[in-house]
Engineer: 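What follows is a single structure, and I will ask about it in a moment.
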Amino acid sequence: MAKKLTIDADGFVVVEQITGADLPDGTKQIDRWRCTPDQTEKHLPSFQAQAEKLTAGDVSAIKDASSDYRKQKGS
Amino acid sequence: MARRRQGAPDISRFSGGGVTVPSSDFNAVNNGLKIPYEIIEIDLSIPRSIALNTQDERSLQGNSVYIDQNTDVGVATLILQGNSKMAPPGRIYVQPGANFQIPFTRLILENLAQPGKVMRIFYGVDIDFKPGVSAPLIIAGVVSTAEQGALYGSAFSSTSLITAGTPLNVFLAASNPNGFRIHDARLGGVNGTNTSALALLSKASAPATLIDGDVLMTDDIGWTSGAAFYSRGKLLAVRRVSGGKRLDFMVGITDTGTNIKSALYDLL
(Lines give C-alpha, C1' and ligand atoms only; values in the text may rest on other atoms or scores of the structure.)
Protein backbone atom coordinates (compact mmCIF):
# COMPACT_ATOMS: atom_id res chain seq x y z
CA MET A 1 0.00 0.00 0.00
CA ALA A 2 1.30 3.45 -0.89
CA LYS A 3 1.15 6.54 1.22
CA LYS A 4 -1.60 8.98 0.34
CA LEU A 5 -0.44 12.45 -0.66
CA THR A 6 -2.57 15.57 -0.94
CA ILE A 7 -1.89 19.30 -0.97
CA ASP A 8 -4.43 21.19 1.09
CA ALA A 9 -5.94 24.65 0.58
CA ASP A 10 -3.16 26.25 2.64
CA GLY A 11 -0.50 24.81 0.34
CA PHE A 12 0.66 22.32 2.96
CA VAL A 13 1.56 18.81 1.87
CA VAL A 14 -0.33 16.11 3.74
CA VAL A 15 1.07 12.58 3.80
CA GLU A 16 -1.03 9.84 5.39
CA GLN A 17 -0.60 6.15 5.95
CA ILE A 18 -3.07 3.74 7.51
CA THR A 19 -1.16 1.68 10.02
CA GLY A 20 -3.50 -1.06 11.22
CA ALA A 21 -7.02 -2.34 11.69
CA ASP A 22 -9.79 0.05 12.64
CA LEU A 23 -9.73 1.39 16.18
CA PRO A 24 -12.39 0.28 18.68
CA ASP A 25 -14.32 3.50 17.98
CA GLY A 26 -14.42 2.66 14.26
CA THR A 27 -11.86 5.24 13.13
CA LYS A 28 -8.70 4.40 11.24
CA GLN A 29 -5.24 4.08 12.71
CA ILE A 30 -3.39 6.78 10.81
CA ASP A 31 0.01 8.45 10.87
CA ARG A 32 -0.26 11.90 9.33
CA TRP A 33 2.37 14.49 8.44
CA ARG A 34 1.20 17.96 7.45
CA CYS A 35 4.19 20.06 6.43
CA THR A 36 5.25 22.96 4.27
CA PRO A 37 6.58 21.68 0.92
CA ASP A 38 10.22 22.26 1.83
CA GLN A 39 9.79 20.46 5.14
CA THR A 40 8.05 17.61 3.33
CA GLU A 41 11.04 17.26 1.03
CA LYS A 42 13.30 16.94 4.08
CA HIS A 43 11.10 14.07 5.27
CA LEU A 44 11.54 12.08 2.04
CA PRO A 45 14.42 9.91 3.34
CA SER A 46 12.17 8.92 6.26
CA PHE A 47 9.07 8.39 4.19
CA GLN A 48 10.83 6.23 1.63
CA ALA A 49 12.48 4.10 4.33
CA GLN A 50 9.09 3.15 5.77
CA ALA A 51 7.12 0.13 4.62
CA GLU A 52 4.62 2.27 2.75
CA LYS A 53 6.29 4.32 0.00
CA LEU A 54 5.38 7.40 -1.93
CA THR A 55 5.04 6.89 -5.67
CA ALA A 56 7.68 8.32 -7.97
CA GLY A 57 5.07 10.83 -9.14
CA ASP A 58 4.40 11.92 -5.55
CA VAL A 59 8.12 12.38 -4.87
CA SER A 60 8.46 14.46 -8.02
CA ALA A 61 5.43 16.56 -7.05
CA ILE A 62 6.91 17.22 -3.60
CA LYS A 63 10.25 18.31 -5.05
CA ASP A 64 8.54 20.64 -7.52
CA ALA A 65 6.32 22.13 -4.80
CA SER A 66 9.36 22.55 -2.55
CA SER A 67 11.32 24.32 -5.28
CA ASP A 68 8.41 26.71 -5.93
CA TYR A 69 7.98 27.29 -2.20
CA ARG A 70 11.65 28.16 -1.69
CA LYS A 71 11.52 30.60 -4.62
CA GLN A 72 8.46 32.28 -3.12
CA LYS A 73 10.25 32.60 0.19
CA GLY A 74 13.41 33.82 -1.54
CA SER A 75 15.50 31.16 0.08
CA MET B 1 56.23 79.46 3.06
CA ALA B 2 53.22 80.48 5.11
CA ARG B 3 53.88 80.78 8.78
CA ARG B 4 51.83 78.71 11.11
CA ARG B 5 50.04 80.50 13.90
CA GLN B 6 51.44 79.50 17.23
CA GLY B 7 49.39 76.64 18.72
CA ALA B 8 47.66 75.71 15.46
CA PRO B 9 48.02 72.05 14.31
CA ASP B 10 50.64 71.36 11.63
CA ILE B 11 48.71 70.01 8.62
CA SER B 12 51.44 70.59 6.07
CA ARG B 13 52.33 66.88 5.98
CA PHE B 14 48.82 65.98 4.83
CA SER B 15 47.60 66.32 1.28
CA GLY B 16 44.80 68.60 2.32
CA GLY B 17 42.36 69.08 5.09
CA GLY B 18 43.90 66.36 7.20
CA VAL B 19 42.57 63.34 5.23
CA THR B 20 44.73 60.76 3.49
CA VAL B 21 45.48 60.76 -0.24
CA PRO B 22 42.81 58.91 -2.26
CA SER B 23 43.90 55.86 -4.23
CA SER B 24 42.56 57.26 -7.51
CA ASP B 25 44.82 59.51 -9.52
CA PHE B 26 42.69 62.63 -9.25
CA ASN B 27 45.30 64.86 -10.87
CA ALA B 28 44.97 62.80 -14.05
CA VAL B 29 41.20 62.86 -13.68
CA ASN B 30 41.18 66.64 -13.27
CA ASN B 31 43.46 67.03 -16.29
CA GLY B 32 41.11 65.05 -18.48
CA LEU B 33 43.58 62.20 -18.92
CA LYS B 34 41.61 59.63 -16.96
CA ILE B 35 38.12 59.02 -15.72
CA PRO B 36 37.43 57.12 -12.53
CA TYR B 37 35.40 54.42 -14.28
CA GLU B 38 34.37 53.25 -17.74
CA ILE B 39 30.91 52.37 -18.99
CA ILE B 40 29.97 49.83 -21.61
CA GLU B 41 26.47 49.20 -22.83
CA ILE B 42 25.54 45.97 -24.61
CA ASP B 43 22.23 45.50 -26.40
CA LEU B 44 20.46 42.44 -24.98
CA SER B 45 17.81 42.16 -27.69
CA ILE B 46 19.74 39.37 -29.37
CA PRO B 47 20.80 36.17 -27.56
CA ARG B 48 24.46 35.34 -26.98
CA SER B 49 25.96 31.99 -26.13
CA ILE B 50 29.46 30.57 -25.84
CA ALA B 51 28.14 27.23 -27.04
CA LEU B 52 26.99 28.84 -30.28
CA ASN B 53 30.07 31.08 -30.49
CA THR B 54 27.86 34.16 -30.33
CA GLN B 55 29.16 35.49 -27.01
CA ASP B 56 30.23 39.11 -26.57
CA GLU B 57 33.97 39.20 -25.78
CA ARG B 58 35.84 42.36 -24.84
CA SER B 59 39.42 43.01 -23.81
CA LEU B 60 38.85 45.21 -20.81
CA GLN B 61 40.62 45.34 -17.52
CA GLY B 62 39.69 46.27 -14.02
CA ASN B 63 38.78 44.76 -10.73
CA SER B 64 35.50 46.46 -9.87
CA VAL B 65 32.18 45.96 -11.62
CA TYR B 66 28.78 47.49 -11.06
CA ILE B 67 25.58 46.90 -13.05
CA ASP B 68 23.35 49.94 -13.54
CA GLN B 69 19.92 49.81 -11.91
CA ASN B 70 17.95 51.73 -14.52
CA THR B 71 14.75 50.09 -15.72
CA ASP B 72 16.18 49.41 -19.17
CA VAL B 73 18.83 47.09 -17.76
CA GLY B 74 18.30 43.34 -18.14
CA VAL B 75 20.12 40.30 -16.88
CA ALA B 76 23.08 38.35 -18.22
CA THR B 77 25.87 35.98 -17.33
CA LEU B 78 29.40 37.37 -17.08
CA ILE B 79 32.63 35.44 -17.28
CA LEU B 80 35.68 37.37 -16.16
CA GLN B 81 39.05 36.04 -17.33
CA GLY B 82 42.60 36.87 -16.43
CA ASN B 83 45.68 37.34 -18.65
CA SER B 84 46.19 33.66 -19.31
CA LYS B 85 42.73 33.25 -20.82
CA MET B 86 42.41 30.23 -18.65
CA ALA B 87 39.20 28.31 -18.39
CA PRO B 88 36.47 30.54 -17.02
CA PRO B 89 36.71 30.44 -13.23
CA GLY B 90 33.01 30.94 -12.85
CA ARG B 91 29.88 32.26 -14.43
CA ILE B 92 28.34 35.22 -12.66
CA TYR B 93 24.65 35.85 -13.11
CA VAL B 94 24.19 39.60 -12.94
CA GLN B 95 21.12 41.74 -12.65
CA PRO B 96 20.62 45.45 -11.98
CA GLY B 97 22.49 46.52 -8.85
CA ALA B 98 25.05 43.70 -8.87
CA ASN B 99 28.54 44.77 -7.86
CA PHE B 100 31.67 42.82 -7.11
CA GLN B 101 35.45 43.06 -7.05
CA ILE B 102 37.16 40.49 -9.29
CA PRO B 103 40.35 41.24 -11.29
CA PHE B 104 39.89 40.67 -15.01
CA THR B 105 41.46 41.48 -18.38
CA ARG B 106 38.76 39.96 -20.55
CA LEU B 107 35.00 40.08 -20.20
CA ILE B 108 32.67 37.58 -21.84
CA LEU B 109 28.92 37.98 -21.78
CA GLU B 110 26.10 35.54 -22.48
CA ASN B 111 22.44 36.43 -22.41
CA LEU B 112 18.98 35.35 -23.43
CA ALA B 113 17.18 37.64 -25.85
CA GLN B 114 15.62 40.54 -23.94
CA PRO B 115 14.13 43.02 -26.40
CA GLY B 116 14.36 46.60 -25.17
CA LYS B 117 16.94 45.76 -22.53
CA VAL B 118 20.64 46.52 -22.30
CA MET B 119 23.48 45.49 -20.03
CA ARG B 120 25.11 48.69 -18.75
CA ILE B 121 28.33 47.87 -16.95
CA PHE B 122 30.38 50.33 -14.92
CA TYR B 123 33.90 49.07 -14.31
CA GLY B 124 37.23 50.36 -13.12
CA VAL B 125 40.05 49.75 -10.70
CA ASP B 126 39.76 49.75 -6.93
CA ILE B 127 36.28 51.24 -6.90
CA ASP B 128 34.09 50.17 -4.06
CA PHE B 129 30.72 50.56 -5.79
CA LYS B 130 27.93 50.96 -3.30
CA PRO B 131 24.53 51.22 -4.98
CA GLY B 132 22.30 53.60 -3.11
CA VAL B 133 18.64 53.16 -2.31
CA SER B 134 16.76 55.85 -4.18
CA ALA B 135 13.30 55.09 -2.80
CA PRO B 136 12.06 54.60 0.73
CA LEU B 137 11.95 51.02 1.89
CA ILE B 138 8.39 49.81 2.31
CA ILE B 139 7.50 46.60 4.08
CA ALA B 140 4.39 45.39 2.32
CA GLY B 141 1.76 43.04 3.63
CA VAL B 142 1.33 41.72 7.12
CA VAL B 143 4.40 41.43 9.28
CA SER B 144 3.96 38.26 11.25
CA THR B 145 5.29 37.70 14.70
CA ALA B 146 5.82 34.30 16.20
CA GLU B 147 6.28 32.97 19.66
CA GLN B 148 9.87 31.84 20.29
CA GLY B 149 10.86 33.70 17.13
CA ALA B 150 9.86 30.91 14.76
CA LEU B 151 6.88 29.17 13.26
CA TYR B 152 6.73 25.42 12.87
CA GLY B 153 6.69 23.91 9.40
CA SER B 154 5.91 20.29 10.20
CA ALA B 155 3.06 18.73 12.11
CA PHE B 156 2.89 15.03 12.88
CA SER B 157 -0.14 13.31 14.37
CA SER B 158 -0.94 9.67 14.84
CA THR B 159 -3.75 7.50 16.15
CA SER B 160 -1.71 4.33 15.67
CA LEU B 161 -1.79 1.80 18.47
CA ILE B 162 1.81 1.49 19.59
CA THR B 163 3.22 -1.82 20.76
CA ALA B 164 5.29 -1.64 23.95
CA GLY B 165 8.98 -1.35 23.15
CA THR B 166 8.37 -0.56 19.47
CA PRO B 167 9.00 3.08 18.56
CA LEU B 168 6.54 5.14 16.56
CA ASN B 169 8.88 7.02 14.27
CA VAL B 170 8.23 10.66 13.37
CA PHE B 171 11.32 11.01 11.18
CA LEU B 172 14.63 9.22 10.70
CA ALA B 173 18.09 10.65 11.30
CA ALA B 174 18.55 10.81 7.52
CA SER B 175 15.93 13.57 7.47
CA ASN B 176 17.73 15.52 10.16
CA PRO B 177 21.25 16.50 9.06
CA ASN B 178 21.13 19.97 10.62
CA GLY B 179 19.13 19.53 13.79
CA PHE B 180 15.48 20.08 14.58
CA ARG B 181 13.44 22.36 16.78
CA ILE B 182 10.39 20.94 18.47
CA HIS B 183 7.75 23.45 19.49
CA ASP B 184 5.08 21.21 20.94
CA ALA B 185 4.45 17.51 21.50
CA ARG B 186 1.70 15.57 23.21
CA LEU B 187 1.16 11.91 23.73
CA GLY B 188 -1.48 9.68 25.20
CA GLY B 189 -1.74 6.01 25.99
CA VAL B 190 -4.76 3.81 26.63
CA ASN B 191 -4.83 0.17 27.68
CA GLY B 192 -6.67 -2.24 29.97
CA THR B 193 -3.70 -3.24 32.14
CA ASN B 194 -2.23 -0.25 33.96
CA THR B 195 -1.28 3.39 33.49
CA SER B 196 1.53 3.33 30.95
CA ALA B 197 4.85 5.12 30.95
CA LEU B 198 5.23 7.23 27.79
CA ALA B 199 8.26 8.92 26.26
CA LEU B 200 9.36 11.07 23.33
CA LEU B 201 12.92 10.12 22.44
CA SER B 202 15.64 11.46 20.18
CA LYS B 203 18.54 9.22 19.23
CA ALA B 204 20.69 8.36 16.20
CA SER B 205 19.32 4.82 16.01
CA ALA B 206 15.97 3.30 16.93
CA PRO B 207 15.38 3.44 20.69
CA ALA B 208 14.81 0.11 22.40
CA THR B 209 13.51 1.28 25.78
CA LEU B 210 11.68 4.25 27.29
CA ILE B 211 14.98 5.82 28.37
CA ASP B 212 17.09 4.91 25.35
CA GLY B 213 18.30 8.27 23.99
CA ASP B 214 17.45 11.85 24.87
CA VAL B 215 14.12 11.88 26.68
CA LEU B 216 12.41 15.06 25.52
CA MET B 217 9.18 14.41 27.41
CA THR B 218 7.42 11.76 29.50
CA ASP B 219 3.92 11.11 30.79
CA ASP B 220 2.92 13.48 33.57
CA ILE B 221 -0.49 12.15 34.55
CA GLY B 222 -2.37 8.85 34.59
CA TRP B 223 -5.88 7.82 35.62
CA THR B 224 -8.43 5.07 35.25
CA SER B 225 -11.94 5.19 33.89
CA GLY B 226 -13.90 1.97 34.06
CA ALA B 227 -11.61 -0.77 32.84
CA ALA B 228 -9.35 1.59 30.88
CA PHE B 229 -6.07 3.08 32.04
CA TYR B 230 -5.01 6.42 30.56
CA SER B 231 -1.70 8.28 30.52
CA ARG B 232 -0.91 11.73 29.14
CA GLY B 233 2.17 13.83 28.67
CA LYS B 234 3.19 17.05 26.91
CA LEU B 235 6.36 18.92 26.05
CA LEU B 236 7.16 21.57 28.64
CA ALA B 237 9.40 23.86 26.59
CA VAL B 238 10.65 24.37 23.06
CA ARG B 239 13.75 22.25 22.47
CA ARG B 240 16.43 22.36 19.83
CA VAL B 241 18.08 19.01 19.16
CA SER B 242 21.31 18.39 17.25
CA GLY B 243 21.47 16.82 13.79
CA GLY B 244 21.84 13.11 13.14
CA LYS B 245 19.03 12.10 15.48
CA ARG B 246 15.62 10.62 14.79
CA LEU B 247 12.45 11.29 16.76
CA ASP B 248 10.24 8.55 18.19
CA PHE B 249 7.33 8.05 20.54
CA MET B 250 7.35 4.98 22.83
CA VAL B 251 4.91 3.45 25.30
CA GLY B 252 5.50 1.13 28.22
CA ILE B 253 2.29 -0.86 27.76
CA THR B 254 0.80 -1.65 24.38
CA ASP B 255 -2.01 0.70 23.35
CA THR B 256 -5.46 -0.79 22.94
CA GLY B 257 -7.67 2.26 22.49
CA THR B 258 -7.92 5.52 20.61
CA ASN B 259 -5.29 8.07 21.61
CA ILE B 260 -3.21 10.70 19.90
CA LYS B 261 0.50 11.29 19.56
CA SER B 262 1.44 14.64 18.03
CA ALA B 263 4.44 16.87 17.44
CA LEU B 264 4.96 20.33 15.94
CA TYR B 265 8.54 20.84 14.78
CA ASP B 266 10.96 22.11 12.16
CA LEU B 267 13.69 20.18 10.40
CA LEU B 268 16.46 22.78 10.18
Engineer: Which one, Asp31(A), Leu44(A), Asp38(A), leads in non-hydrogen pairs under 4.5 Å with chain B?
Structural biologist: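 Max contact count across the listed options: Asp31(A).
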Engineer: Any chance you could measure Leu161(B), atom CG, to Thr19(A), atom OG1, to the nearest 0.5 Å?
Structural biologist: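 Interatomic distance, Leu161(B) CG to Thr19(A) OG1, rounded to 0.5 Å: 7.0 Å.
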Engineer: Please classify the contact between Glu41(A) and chain B as side chain, backbone, both or neither, with a heavy-atom cut-off of under 4.5 Å.
Structural biologist: neither
Engineer: Is any side-chain heavy atom of Asn176(B) closer than 4.5 Å to one of Lys42(A)?
Structural biologist: no
Engineer: With ring pair (Phe, Tyr, Trp, His ring centres under 6.0 Å) as the test, pick out the partner of Trp33(A) among Phe171(B), Phe156(B), Tyr265(B).
Structural biologist: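 Considering Phe171(B), Phe156(B), Tyr265(B), a ring pair (Phe, Tyr, Trp, His ring centres under 6.0 Å) with Trp33(A) is found only for Phe156(B).
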Engineer: With chain A, which of Pro177(B), Ser262(B), Ser160(B), Ala173(B) has the greatest number of heavy-atom pairs at distances under 4.5 Å?
Structural biologist: Ser160(B)
Engineer: Could you check which of Ser46(A), Pro24(A), Cys35(A) has the highest count of heavy-atom pairs closer than 4.5 Å to chain B?
Structural biologist: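 Greatest number of close heavy-atom pairs with chain B: Ser46(A).
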Engineer: To the nearest 0.5 Å, how far apart are OG in Ser158(B) and CD in Gln29(A)?
Structural biologist: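 One finds 8.0 Å between OG of Ser158(B) and CD of Gln29(A).
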Engineer: Do side-chain atoms of Gln39(A) reach the backbone of Leu267(B) as a donor and acceptor pair under 3.5 angstrom?
Structural biologist: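 Present.
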Engineer: Would you check if Leu23(A) and Thr159(B) make a side-chain contact, meaning some heavy-atom pair closer than 4.5 Å?
Structural biologist: yes
Engineer: Counting heavy-atom pairs under 4.5 Å with chain A, which one of Asp255(B), Thr256(B), Leu268(B) comes out on top?
Structural biologist: Leu268(B)
Engineer: If you tally heavy-atom pairs under 4.5 Å against chain A, which of Gly257(B), Ala263(B), Gly153(B) wins?
Structural biologist: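 Among Gly257(B), Ala263(B), Gly153(B), the one with the most close pairs to chain A is Gly153(B).
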Engineer: How about Ile102(B): does its CD1 atom have over 12 heavy atoms from other parts shown lying under 6.0 Å from it?
Structural biologist: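 Yes, CD1 of Ile102(B) has more than 12 neighbouring heavy atoms, counting only those of other groups under 6.0 Å.
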Engineer: How about Lys53(A): does its NZ atom have over 12 heavy atoms from other parts shown lying under 6.0 Å from it?
Structural biologist: yes
Engineer: So do Ser154(B) and His43(A) actually touch side chain to side chain, heavy atoms under 4.5 Å?
Structural biologist: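 The answer is yes, as the side chains (C-beta and beyond) meet within the 4.5 Å cut-off.
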